[in-house]
2 protein chains.
Amino acid sequence: MARKTKDTLRDSVYSALKAMIVTGQIPPGSRVTESDIAAKLNVSRTPVREAFNRLERDGLVTGRPRQGYVVTEFDINMFREAFDIRELLDGHATELAATTATEKDKARLRAMLAECERLAAIPDRTTKEKFQELEVGIDLHRVIAEISGNVMLHGMLCGILDKCQHYVWTELLWLDEWKMARDEHAEIVEAICAGDAARAGALARVHVRGSRENVLRLLQAKSDYQSFFAKAS
Amino acid sequence: MARKTKDTLRDSVYSALKAMIVTGQIPPGSRVTESDIAAKLNVSRTPVREAFNRLERDGLVTGRPRQGYVVTEFDINMFREAFDIRELLDGHATELAATTATEKDKARLRAMLAECERLAAIPDRTTKEKFQELEVGIDLHRVIAEISGNVMLHGMLCGILDKCQHYVWTELLWLDEWKMARDEHAEIVEAICAGDAARAGALARVHVRGSRENVLRLLQAKSDYQSFFAKAS
DNA sequence: GCATGCTATTTTGTATACAATTTTGAGTGT
DNA sequence: ACACTCAAAATTGTATACAAAATAGCATGC
């Protein structure tokens, strides 16, 4: 298998599995067995088990005793919960970031923004490039949380973002609404760079609320769509 | 070993270890080895390892590869972070609870409050009874989070409370400040029962901020105290 | 044809054996 | 007395073997 670090196998397996889940390579609802993963990654079941334990704690997989693990499937309600919390945490983190950001931090944020713009401006961009733009856009929030200086806050926000990232990707990827996110991100970064904590926080909260409405609307539509076919069949 | 449930050993070990850490039976900073715990609980190292993984994810123990695990020691800064987040989450949860609480929920809260009062009113109460009062007082926040209906929020708040509980116990146990908490708890429950979300949320935030100041002040004093002796020796 | 019960397979849970690494301590040399 | 080296002990990391439980499939009986 491809080991990035020289650390423990457990960590490698964890990272590999997490990446596969977050990017949707292993779709939600999939059943994952220890043996399969162990065979695929050429390791024994032991490190795989430990990775599963951590993933379960992260909420990325759900496991019941002696029934194996399933990649967690979010329903609409779980999204409501997640975005509710994200609004609180992201808002607070952005406020903090506006007061603590150094010049280096600000440069980093601006660079990420520029990268988003660059990827968005490519004429006939491929799916891969669209993904990249989304990834940088989501990472922006992670970096803001990091800049906030509250390590625990950063960790919690990353956890939530990990859980939602796959859905944001697959659901929002084809929407023009993402253009709006880009503008909002720019405003947020601007406020942080200006040191305007109140404004930055408010913008962040509005932004999360907007994402929330987009995702919920799409999921609702999808759900209606599916139940329509269920009735028709 | 004493197994509560008929579930997996991993879960039993996890619960047992968590209880020992949260109650301070294993003090922060202690080095814990897999073999010791395995021997003490009469199980093999495997379930112990998995329990450690989960505890590490909870932030209750810290482990570095091939160096074993140590019960996490909070410094003042980590407390600041934890209480910062708790103010947000607890405030929000209390707001939600005020709008969603059923009559049964309200009765439950009132019962917990009454239990606190009862334990506080005992003339020459023992340490055990003081502990019990503290435990019910902290549980009150967990129940409020549960009533909020946001499962994720409840889980996150429980995680934070678990991490802080030991310190609250050992530090605040002998303080009269706890009397204040009892009054504040009563006010919060009152607001929830009245369905006044704004007031309940505001009271909760003030309450958390108060706890924060108490804990920080004590830790600061302790730290000064220790560095005084360090210089003197 | 359908339901029910049993067995066979698959999969997880636990224990143990072995490997690798870190730490500790003794011993020696300066 | 101090520092350095090397070896031995302790501890984690990984693999594998075995046990227990759940699922699935098949056969049998109605």
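Residue numbering restarts at 1 for every chain, and letters A, B, ... go by the order of the sequence lines.
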Practice task
Tell me which of E34(B) and R45(A) sits closer to the 5' end of DNA chain D, going by the nucleotide each one is nearest to.
Solution key: E34(B)
Problem - Closest to the T8(A) side chain, choosing from dT11(D), dG13(C), dG13(D) - result: dG13(D)
Handout entry: Results of side-chain hydrogen bond (donor to acceptor under 3.5 Å, both in side chains) for T99(A) - residues two or more places apart only
Key = none
Handout entry: R212(A)/E87(A) salt bridge by N-O under 4.0 Å criterion
Key = no
Practice task
Please check if the side chain of S30(A) supplies one atom and the backbone of I26(A) the other of a donor-acceptor pair under 3.5 Å.
Solution key: no
Fill in the blank from the handout: Whichever of P47(A) and Y69(B) has the more 5' nearest nucleotide on DNA chain D, that residue is Y69(B)
Problem - Whole-Å gap separating C1' (dG13(C)) and CD (E50(A)) - result: 14 Å
Problem - Salt bridge E146(B)-R108(B), side-chain N to carboxylate O under 4.0 Å - result: yes
Fill in the blank from the handout: N53(A) CG to dT14(C) P, in whole Å, measures 11 Å
Exercise for the section: Give a yes or no on whether the backbone of G59(B) and the side-chain of T72(B) come within a donor-acceptor separation of less than 3.5 Å. Expected result: yes
Exercise for the section: Could you check whether T46(B) gets within reach of a base, just the sugar-phosphate, or nothing at all, counting any heavy atom under 4.0 Å? Expected result: base
Practice task
Measure from CZ on R66(A) to C1' on dA21(D) and round the result to the nearest Å.
Solution key: 5 Å
Handout entry: Sugar-phosphate, base or nothing in reach of R10(A), heavy atoms under 4.0 Å
Key = sugar-phosphate
Exercise for the section: Determine: side-chain N/O of Q67(B) to OP1/OP2 of dT21(C), distance under 4.0 Å, yes or no. Expected result: no
Handout entry: For the student: nearest non-hydrogen atoms of F52(A) and I37(A), plus distance
Key = CZ-CG1, 4.0 Å
Exercise for the section: Please state whether the phosphate of dG13(C), meaning OP1 or OP2, lies under 4.0 angstrom from any side-chain nitrogen or oxygen of R49(A). Expected result: yes
Problem - Euclidean distance, atom CG of residue L41(B) to atom C1' of dT14(C) [Å, nearest integer] - result: 14 Å
Problem - Closest listed nucleotide, where the reference is the side chain of T33(B) and the choices are dA15(D), dA15(C), dT11(D) - result: dT11(D)
Practice task
For I37(B) and dA15(C), give me the distance from atom CD1 to atom C1', rounded to whole Å.
Solution key: 18 Å
Problem - Electrostatic pair K106(A):E103(A) at N-O distance under 4.0 angstrom - result: yes
Practice task
Figure out the CZ/P separation between F52(A) and dT11(C), and round it to whole Å.
Solution key: 12 Å
Handout entry: Neighbours of DNA chain C within residues 54-65 of chain B, by heavy-atom distance under 4.0 Å
Key = none
